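See below for the structure under consideration.
Bear in mind that the values here come from a model prediction, so they are computed numbers and not experimental data. In each ligand, atom 1 is the first atom listed, and ligand 1 is the first ligand listed.
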Amino acid sequence: MRTIIAGNWKMHKDRAEAQALIDALAEQVGNTERVEVIVAPPFPFLAMAVEHLRDAHIGVAAQNCHEALHGAFTGEVSAAMLKSVGVSACIVGHSERRQYYGETDAAVGGKIAALLHAGMLPIYCCGEMRAEREKGTHFEVVRAQMNEALGPISPADLAKVVVAYEPVWAIGTGLTATPQQAQEMHAFVRKELRMLAGDAAAAIPILYGGSMKPDNARELLACADVNGGLIGGAALDAGLFTELVRIAARAAAHTSIP
Ligand code: PGA
């Protein structure tokens, strides 16, 4: 199983700050044989990130894309455009896009198809809101998100997708799912993936996202179905992000021992 640590910078950093973070990551992240490291800076810094992170083997993702190849969609960016500047992955369906920009599962499914068509890695985010967990509907919510966005995708293509479970109540709040809550939902996501993708589900990485930090990452990454993290706040600091990569590398080394 692959282990992935992906950093979502959201709408943070100006050019000089982005350059400084990219340089620090290139220098500090080091040998990442056991962990695939990906960063997702804002659009204006993607090409710069690709150029400066290539030798460090750190992949670059966008935070959003449009489902069409090109066209009259003012303000939008297509998967093919991202690919053409060396971007290899894209976060889609993040709860902030669902909440503030009304993105539906169907629209997100279209973005996933566009990314697969462009030969890129979609990182598909799903997860329940606080009220949904309190009502006990979190499994239903995640099942619906998965079925609607991933249902139309063929099993062969689903094998090229990464899922990130991000409970909305844990994003940027300092609250984290307990390892038990994370493992329970990740096992559920894996089961849903099995219905959609068959045997390929066993090899689809499922990342946890929501206030992951060096002090809670070890326990989360030790869970059987947690295959990495999608990191927000802690991805803005090269030291914290590098520490998370190291913790993930140790967890991966541990799980690979029979
Ligand atoms: P956080 O963000 O680590 O700041 O909670 C995670 C995310 O939104 O992907």
Side-chain angles (χ1 to χ4, degrees), residues 3-13 17-18 21 25 29 35-43 45-46 49 58-65 87 89-103 108 111-112 115 121-130 132-133 138 141-142 145-146 149 161-179 181-182 185-186 189 205-221 223 226-248 251:
T3 299
I4 299 175
I5 291 290
N8 174 9
W9 294 12
K10 307 193 179 180
M11 197 173 77
H12 291 291
K13 308 279 180 195
E17 291 164 344
L21 179 51
L25 291 173
V29 168
V35 181
E36 255 173 82
V37 183
I38 299 174
V39 292
F43 285 127
F45 312 133
L46 287 171
I58 296 175
V60 177
Q63 299 172 18
N64 182 33
C65 70
V87 173
C90 184
I91 298 168
V92 285
H94 191 281
S95 63
E96 288 149 19
R97 303 246 14 124
R98 294 174 186 268
Q99 229 175 314
Y100 307 137
Y101 305 100
E103 280 190 13
V108 175
K111 292 174 191 226
I112 294 172
L115 287 163
L121 177 74
I123 302 175
Y124 172 60
C125 304
C126 56
E128 81 285 357
M129 317 265 282
R130 180 199 287 269
E132 292 162 341
R133 179 157 285 261
H138 43 294
V141 167
V142 171
Q145 288 172 336
M146 293 194 50
V161 172
V162 168
V163 176
Y165 167 60
E166 299 205 304
V168 180
W169 47 272
I171 295 178
T173 58
L175 291 174
T176 321
T178 62
Q181 286 171 323
M185 184 59 90
H186 281 232
V189 168
I206 307 173
L207 316 184
Y208 169 80
S211 298
M212 193 187 261
K213 303 274 185 300
D215 60 4
N216 58 31
R218 204 178 48 83
E219 275 193 294
L220 286 163
L221 294 168
C223 298
V226 177
N227 313 118
L230 180 53
I231 321 295
L236 298 174
D237 179 285
L240 290 177
F241 190 70
T242 302
E243 183 59 24
L244 284 166
V245 172
R246 296 219 172 99
I247 293 167

Q: Compute whether any side-chain donor of one residue and acceptor of the other, for Glu128 and Trp169, lie under 3.5 angstrom apart.
A: yes
Q: Scan side-chain atoms only and decide if His94 and Glu166 contain a donor-acceptor pair under the 3.5 Å cut-off.
A: yes
Side chain of [X], backbone of [Y]: donor and acceptor closer than 3.5 Å?
{"X": "Glu36", "Y": "Ile4", "result": "no"}
{"X": "Gln63", "Y": "Ala40", "result": "yes"}
{"X": "Tyr165", "Y": "Val142", "result": "no"}
{"X": "Asn216", "Y": "Ser211", "result": "yes"}
{"X": "Asn227", "Y": "Ile206", "result": "yes"}
{"X": "Lys13", "Y": "Leu236", "result": "yes"}

Q | Heavy-atom gap Lys10 to ligand 1 smaller than 4.0 Å | A | yes
Q.
Pairs of nitrogen or oxygen atoms closer than 3.5 Å, one from Gly232 and one from ligand 1: do any exist?
A. yes
Q | Proximity of Ala170 to ligand 1 by residue part, where a heavy atom lies under 4.0 Å | A | backbone
(Q) Under 4.0 Å, heavy-atom basis, I'd like to know which part of Ile171 is in contact with ligand 1: side chain, backbone, both or neither. (A) both
Subset of ligand 1 atoms that lie under 4.0 Å from at least one heavy atom of [X]:
{"X": "Glu166", "result": "6 (C), 7 (C), 8 (O), 9 (O)"}
{"X": "Gly233", "result": "1 (P), 3 (O), 4 (O)"}
{"X": "Leu230", "result": "6 (C), 9 (O)"}
{"X": "Gly210", "result": "5 (O)"}
{"X": "Ser211", "result": "1 (P), 3 (O), 5 (O)"}
{"X": "Asn8", "result": "9 (O)"}
{"X": "Gly172", "result": "1 (P), 4 (O), 5 (O)"}
{"X": "His94", "result": "7 (C), 8 (O), 9 (O)"}

